[in-house]
Amino acid sequence: IKRTIKLTQRKLRTPVSTVRTSASLSSHPGAGPVWNLGRLNHVAVAVPDLEKARAFYKNVLGAEVGEPVPLPEHGVSVVFVNLGNTKMELLHPLGSDSPIAGFLKKNKAGGMHHVCIEVDNINVAVMDLKEKKIRILSEEAKIGAHGKPVIFLHPSDCGGVLVELEQA
C-alpha cells in the first residue's frame, strides 16, 4: 500500500516550472491585453417547471432559494440558488422565442445550460478573445441577472460548453 501511495503522489506532482499564473502571463511582452479570470459565479440549469425546481432546491435540499426574476431582454426568468461558495441559476423561458425554450425542446427534462465565470475587465476580455478567434454570441456585452455586463462564448470554441463571462 505504501508503494502505491508513493507512486500516486509522484504522478500527482506538477513541476513548478509548468505552473502558469496570471502574473507570469501578463509579464511577457506582446502577450496582448491583460485580463484575468475570476471565480465561478454560477452554473445555469434550464428547467421546464421553475416552481417545481425552486421547491426541490428549497424544500428537499434545504438551499437558500431566491424569488423568480423576469429578464425580458434575455428571454428568461431566473431563480438563484445560493450554495455558499457559488450559485446555481435556474432558467425558464420567458416567451416562445426564448433561447431556453429552444434548449428545452431538445432537452425535455432540462439540464445544464452554461457556466458563468467572472472576469476583471470584460471589455478587454472581449477584444482579446475576438483576436484569438473565439466567437462571441452578441456584438457587445449586455446587462445580466446580477446587473453587470455579460457575454456568452460559442460552445464550439469552448470544448462544447456555453461559457458566460461576467464583469466582476
Side-chain angles (χ1 to χ4, degrees), residues 8-9 11-47 53 57 61 63-66 68-94 98-100 102-104 106-107 110-168:
T8 303
Q9 288 173 339
K11 289 179 184 176
L12 293 176
R13 288 194 189 123
T14 303
V16 175
S17 62
T18 63
V19 175
R20 295 173 16 158
T21 64
S22 59
S24 67
L25 289 174
S26 62
S27 65
H28 295 298
V34 178
W35 60 279
N36 296 296
L37 282 178
R39 69 183 188 91
L40 175 68
N41 184 283
H42 65 265
V43 174
V45 178
V47 297
Y57 286 101
L61 297 183
E64 180 185 323
V65 178
V69 177
L71 298 174
E73 63 278 10
H74 293 279
V76 296
S77 289
V78 301
V79 168
F80 282 99
V81 179
N82 189 347
L83 300 174
N85 63 342
T86 192
K87 297 179 283 296
M88 286 182 64
E89 179 184 47
L90 305 178
L91 298 170
H92 186 72
L94 190 61
S98 165
I100 298 303
F103 181 90
L104 288 171
K106 297 176 194 166
N107 305 276
M112 197 198 90
H113 186 261
H114 68 267
V115 296
C116 177
I117 305 168
E118 295 176 357
V119 295
D120 64 349
N121 190 328
I122 197 161
N123 294 322
V124 174
V126 167
M127 289 186 324
D128 186 46
L129 292 166
K130 283 182 178 180
E131 285 178 17
K132 293 175 178 172
K133 307 292 186 221
I134 303 298
R135 289 173 284 176
I136 297 169
L137 299 183
S138 61
E139 288 300 313
E140 57 186 38
K142 296 180 181 179
I143 300 302
H146 296 115
K148 298 178 179 180
V150 300
I151 58 160
F152 286 88
L153 307 180
H154 198 290
S156 296
D157 298 338
C158 303
V161 177
L162 179 60
V163 175
E164 177 183 22
L165 298 180
E166 178 180 281
Q167 177 67 49

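The basis for the numbers below is simple: all heavy atoms, side chains too, and nothing from hydrogens, waters or symmetry mates.
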By side-chain contact (heavy atoms from CB on, under 4.5 Å), which residues pair with S98, not counting sequence neighbours? V76, P93, I100, A101

For the residue pair L104 and G110, what are the closest heavy atoms and their distance? CD2-CA, 3.6 Å

For L94 versus S77, what's the shortest heavy-atom pair and its separation? CD1-OG, 3.7 Å

For P68 versus V79, what's the shortest heavy-atom pair and its separation? CA-CG2, 3.5 Å

OH/Y57 to CG/L83 distance, rounded to the nearest 0.5 angstrom? 8.5 Å

Report, one line per pair, each donor and acceptor closer than 3.5 Å where one atom sits in a side chain of residues 136-144; sequence neighbours left out.
| unit_1 | atom_1 | unit_2 | atom_2 | d |
| --- | --- | --- | --- | --- |
| S138 | OG | E140 | O | 2.9 |

Sequence neighbours excluded and cut-off under 3.5 Å, please list the side-chain donor-acceptor pairs for residues 153-168, or say none.
| unit_1 | atom_1 | unit_2 | atom_2 | d |
| --- | --- | --- | --- | --- |
| H154 | ND1 | S156 | N | 3.0 |
| H154 | ND1 | S156 | OG | 3.4 |
| D157 | OD1 | R135 | NH2 | 3.0 |
| D157 | OD2 | R135 | N | 2.7 |
| D157 | OD2 | R135 | NE | 3.0 |
| E164 | OE1 | H42 | NE2 | 3.2 |
| E164 | OE1 | H114 | NE2 | 3.0 |
| E166 | OE1 | H146 | ND1 | 2.8 |
| E166 | OE2 | N41 | ND2 | 3.2 |
| Q167 | OE1 | I122 | N | 2.8 |
| Q167 | NE2 | D120 | O | 2.9 |

Without swapping roles, check the side chain of N107 against the backbone of F103 for a donor-acceptor pair under 3.5 Å. yes

Minimum heavy-atom distance G38-I117, with the two atoms named: O-CG2, 3.8 Å

Shortest non-hydrogen contact from V47 to H92? O-ND1, 3.0 Å

Rounding to 0.5 Å, atoms CE (M112) and CG (L91) come to a distance of 11.0 Å

